[in-house]
Amino acid sequence: TNFGYREVPENEKSKLVGNVFTNVAGTYDLMNDLMSIGLHRLWKDRLVSKLHPFPGMQHLDVAGGTGDVAFRVLHAIHKAEHRAVGKLGGKSEAKNETRVHVCDINPNMLEVGKQRAHKLGLENVEDLVWMEGDAEALSLEDNSMDGYTIAFGIRNVTHIDRALKEAHRVLRRGGRFLCLELSHVSIPGFQQVYDAYSFAVIPAMGELVSGDRASYQYLVESIRRFPSQEKFAAMIADAGFQEVQYENLVGGVVAIHSGLKL
Ligand code: SAM
């Protein structure tokens with residue numbers, strides 16, 4: 001069921017998604033906090049803890065918009081570096097060639113991300129690479145990345161299967177794929193509460209905060225249309241990943257899917 005919302009034809013989808021994030025870029029972070037009552041921060045922490053970042057890592061965060069995931073990855077790498085330096089008695093012999101790429105299709109989101117990096121004092125960190133690009137056609141070489149993350153992004157991609165194939169292509173053997181996405185709640189009782197919240201509260205909140213009800217109605221609709229946890233896991237396996245697993249958080253409000261390129 002589409003709950004009375006218009007189905008979006010595929011050729012219109014990219015344009016619509018582009019507009020959605022152009023309209024909401026400025027209030028995007030505030031809305032995330034409000035809608036998830038701050039929980040998205042913990043979910044992103046969990047995503048990054050599953051990645052096991054390490055110094056020298058080549059990482060790609062797709063649909064990385066405002067840099068939330070990339071900053072966490074970089075922070076985890078810097079912490080690991082300090083630990084390593086501590087063990088070497090203050091001397092680090094290892095040449096640091098860490099790169100965390102942030103790829104997003106929307107320049108406005110990247111702009112917000114760059115401003116945030118500036119505020120965090122990260123603007124001169126050459127470890128961070130901002131790239132405007134499409135998840136379905138990445139401008140990175142085959143087998144070049146140790147890790148790939150995508151948080152609240154794959155749902156917006158027109159051809160999910162193509163994005164998954166691209167993730168597999170750019171990862172090197174042993175590379176880890178991780179996807180954090182709003183998913184499906186199947187706990188009776190909780191499901192009704194969650195439906196009421198998402199259909200009544202979220203669009204109203206969107207209107208109030210960003211003056212844009214339609215973008216948040218689109219968000220709710222797109223969550224409903226996204227494949228179930230099991231089906232999405234099967235798609236990840238179809239793209240060539242091994243050891244595909246998923247973890248539900250808050251009863252399936254979000255799920256973290258993972259896979260390895262072996
Ligand atoms: N990952 C960030 C986070 O968790 O806060 C941003 C998530 S935001 C909901 C979705 C992002 O996906 C937007 O910045 C949007 O521009 C981007 N996006 C949508 N379609 C894309 C595509 N095909 N390729 C790359 N990025 C895309």
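As the structure lists them, so they are numbered: ligands from 1, and atoms in each ligand from 1.
Interface of Val157 with ligand 1, defined as ligand atoms under 4.0 Å from a residue heavy atom, comprises 23 (N). Residue-ligand proximity, Asn106 to ligand 1, at heavy-atom distances under 4.0 Å covers atoms 16 (O). Which parts of ligand 1 touch Ala135 is read off a 4.0 Å heavy-atom cut-off, strictly below it: atoms 22 (C), 23 (N), 24 (N), 25 (C). The ligand atoms of ligand 1 that sit less than 4.0 angstrom from a heavy atom of Lys44 are 3 (C), 4 (O), 5 (O). Per-residue contacts place Gly133 under 4.0 angstrom from the following atoms of ligand 1 (heavy atoms of the residue considered): 24 (N), 25 (C). Set against the non-hydrogen atoms of Met109, the atoms of ligand 1 under 4.0 Å away are 14 (O). Applying the 4.0 Å criterion to heavy atoms of Asn156 picks out, from ligand 1, the atoms 10 (C), 19 (C).
The N/O atoms of Val69, backbone and side chain alike, include none that comes under 3.5 Å of an N/O atom in ligand 1. Considering backbone and side-chain atoms alike, Thr66 places every N or O at 3.5 Å or more from each N or O of ligand 1. Checking only distances, Asp68 never comes within under 3.5 Å of ligand 1, N or O to N or O. Considering backbone and side-chain N/O of Ala63, one or more are found under 3.5 Å from N/O of ligand 1.
Using a cut-off of 4.0 Å between Lys/Arg side-chain N and Asp/Glu carboxylate O, Lys44 and Asp61 are scored as not salt-bridged. Using a cutoff of 4.0 Å between basic side-chain nitrogens and carboxylate oxygens, Arg224 and Glu221 are not scored as salt-bridged. Between Asp142 and Arg172 there is no salt bridge, since none of the side-chain N atoms of the basic residue sits less than 4.0 Å from a carboxylate O of the acidic one. Salt bridge annotation for Arg46-Glu247: present, with a cationic side-chain nitrogen under 4.0 angstrom from a carboxylate oxygen. By the 4.0 Å N-to-carboxylate-O rule, Arg41 lies close enough to Asp33 to be salt-bridged with it.
Residue contact check for ligand 1: His40 places no non-hydrogen atom closer than 4.0 Å to it. For the ligand labelled ligand 1, residue Asp134 lies inside the 4.0 Å heavy-atom shell.
Apart from Val193 itself, the hydrophobic cluster it occupies contains nothing, where clustering links Ile, Leu, Val, Met, Phe, Trp and Tyr at side-chain heavy-atom distances under 4.5 Å.
Taking Asp45 as the reference, Arg72 meet the side-chain hydrogen bond (donor to acceptor under 3.5 Å, both in side chains) condition, with sequence neighbours excluded.
With Val73 as the fixed residue, the side-chain contact (heavy atoms from CB on, under 4.5 Å) test singles out one of Leu128, Val102, Val48: Val48.
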